[in-house]
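See structure below.
All values derive from a computational prediction rather than experimental measurement. Note that these values count all heavy atoms, side chains included, but never hydrogens, waters or copies made by symmetry.
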Amino acid sequence: DRIQIFTDGSGYQGGIGAAAVLLREGQEPRALRYHLGNNEEHTVYEAELLGLTLAAHLIATERNLIYPLSILVDNQAAIHTGEVMNKTGSSYVADQFERMTKRLAQRRETRDNFKLTVRWIPGHMKVVGNEIADKEAKDAAKGNERNSPAHLLPKYLR
């Protein structure tokens with residue numbers, strides 16, 4: 001069973017959106033989208049970090065996972081700065097991602113084999129999962145009505 005998780009943040013038509021997509025062989029892709037607001041109040045960087053929390057939520061709600069897993073991100077700054085912010089506690093979104101992954105690691109069924117990494121993937125290279133995440137993030141940027149249903153989103157975004 002091969003699982004791939006991709007995230008993206010996007011600025012599009014004056015809005016900012018985030019998305020995460022989980023691909024599993026033999027199944028339809030699962031995606032989460034969230035509109036952060038307009039590009040005067042939010043940044044694509046924020047959306048990239050939010051995409052990580054959407055990815056963690058997709059993992060938390062997926063059954064029969066086999067670790068190790070990787071979240072693939074096409075923004076190196078989000079990966080590196082996210083690591084620093086997690087350590088300093090200076091970012092609410094980065095803190096949410098850290099809390100969510102700690103909860104995943106503490107689950108009884110994953111406690112002994114939990115391994116989750118965040119890896120960089122080059123953007124715009126026609127990687128299917130990355131292209132889907134890009135499309136979903138652009139869709140989310142269009143407005144709140146493009147958000148995933150609230151009951152599917154992490155609690156802190158409802």
Side-chain angles (χ1 to χ4, degrees), residues 1-10 17-36 43-140 147-158:
D1 223 15
R2 190 158 171 241
I3 297 172
Q4 296 179 309
I5 304 109
F6 297 86
T7 69
D8 202 15
S10 183
V21 177
L22 185 145
L23 301 179
R24 191 171 198 160
E25 286 181 7
Q27 296 183 14
E28 287 294 313
R30 291 180 55 217
L32 291 176
R33 289 181 306 280
Y34 190 79
H35 177 77
L36 283 75
T43 65
V44 172
Y45 173 74
E46 285 177 87
E48 294 282 358
L49 288 178
L50 189 87
L52 290 171
T53 69
L54 295 175
H57 192 67
L58 283 172
I59 293 167
T61 57
E62 184 72 9
R63 296 175 187 248
N64 303 316
L65 289 173
I66 298 171
Y67 289 93
L69 289 174
S70 293
I71 298 173
L72 303 162
V73 182
D74 67 2
N75 183 299
Q76 290 184 14
I79 294 170
H80 297 299
T81 307
E83 290 169 359
V84 172
M85 287 182 168
N86 278 344
K87 291 176 184 159
T88 63
S90 61
S91 168
Y92 178 74
V93 176
D95 287 347
Q96 285 296 326
F97 178 68
E98 183 178 22
R99 276 189 218 103
M100 293 169 86
T101 55
K102 281 183 179 179
R103 279 193 300 256
L104 284 170
Q106 292 168 352
R107 285 182 170 176
R108 186 170 33 98
E109 67 272 15
T110 59
R111 201 174 298 143
D112 296 331
N113 66 350
F114 179 80
K115 184 173 182 187
L116 179 65
T117 55
V118 178
R119 297 178 191 261
W120 177 74
I121 183 171
H124 310 292
M125 298 297 290
K126 305 295 182 206
V127 175
V128 173
N130 201 45
E131 294 295 319
I132 295 170
D134 182 61
K135 179 184 149 306
E136 296 285 347
K138 277 186 174 62
D139 196 33
N147 284 352
S148 293
H151 71 279
L152 297 177
L153 293 168
K155 287 183 182 178
Y156 86 99
L157 294 175
R158 295 181 192 168

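The shortest side-chain heavy-atom distance between Leu65 and Ile3 falls under the 4.5 Å cut-off. Within the 4.5 Å cutoff, no side-chain heavy atoms of His35 are placed close to those of Asp139. Between Leu50 and Glu46 there is no side-chain heavy-atom pair separated by less than 4.5 Å. When side chains are defined from C-beta on, Thr7 does not count as touching Val21, because their heavy atoms never get closer than 4.5 Å. With contacts defined as side-chain heavy-atom distances shorter than 4.5 Å, the pair Ile71/Phe97 qualifies. Contact of the Asp8 side chain with the Glu136 side chain is not registered, since no non-hydrogen atoms from C-beta on lie closer than 4.5 Å.
For Asp74, there are no salt bridge (charged side-chain N to carboxylate O under 4.0 Å, His left out) partners at least two apart in sequence or on another chain. In this view, Arg30 and Glu62 satisfy the salt bridge (charged side-chain N to carboxylate O under 4.0 Å, His left out) rule, not counting sequence neighbours.
For the atom pair Ile66 CD1 and Asn64 CG, the distance stands at 8.0 Å (nearest 0.5 Å). Annotation: the span from Leu72 atom CG to Phe6 atom CZ amounts to 5.0 Å, rounded to 0.5 Å. Note that CG of Leu23 is 5.0 Å distant from CD1 of Ile132, once rounded to the nearest 0.5 Å. Summarising the geometry, atom CG belonging to Leu52 is positioned 12.5 Å from atom CD belonging to Glu98; distances are rounded to the nearest 0.5 Å. With rounding to the nearest 0.5 angstrom, the CG atom of Asn75 is 13.0 Å from the CD1 atom of Ile121. Separation of atoms CG (Leu54) and CG (Leu22) is listed at 12.0 Å; rounding is to 0.5 Å.
The two residues Val44 and Gly9 come nearest to each other via the heavy atoms CG1-O, 3.7 Å. Nearest heavy atom pair, residue Ser148 against residue Ala31, reads OG-O, 3.9 Å. When all heavy atoms of Ala18 and Ala47 are compared, the pair lying nearest together is CB-O, 3.3 Å. When all heavy atoms are compared, the tightest approach of Ala133 to Ala19 is O-CB, 3.8 Å. Between Leu32 and Leu152 the shortest heavy-atom distance is CD2-O, 3.6 Å.
Inspection of the Arg119 and Ser70 side chains reveals an N or O donor paired with an N or O acceptor under 3.5 Å. Under the 3.5 Å distance criterion, with hydrogens and angles disregarded, no donor-acceptor pair is assigned to the side chains of Tyr34 and Thr53.
Contact check on Lys135 versus Glu131 returns no salt bridge, with no Lys/Arg side-chain nitrogen under 4.0 Å from an Asp/Glu carboxylate oxygen.
Proximity of a side-chain donor or acceptor of Arg2 to a complementary backbone N or O of Arg24 within less than 3.5 Å is not detected.
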Worked verdict on Val73 versus Trp120 for side chain to side chain contact (heavy atoms under 4.5 Å, CB included): CA-CA 5 Å; Val73 182; Trp120 177 74; 5.9 Å; no
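With His57 as the fixed residue, the side chain to side chain contact (heavy atoms under 4.5 Å, CB included) test singles out one of Lys155, Gln96, Met100: Met100.
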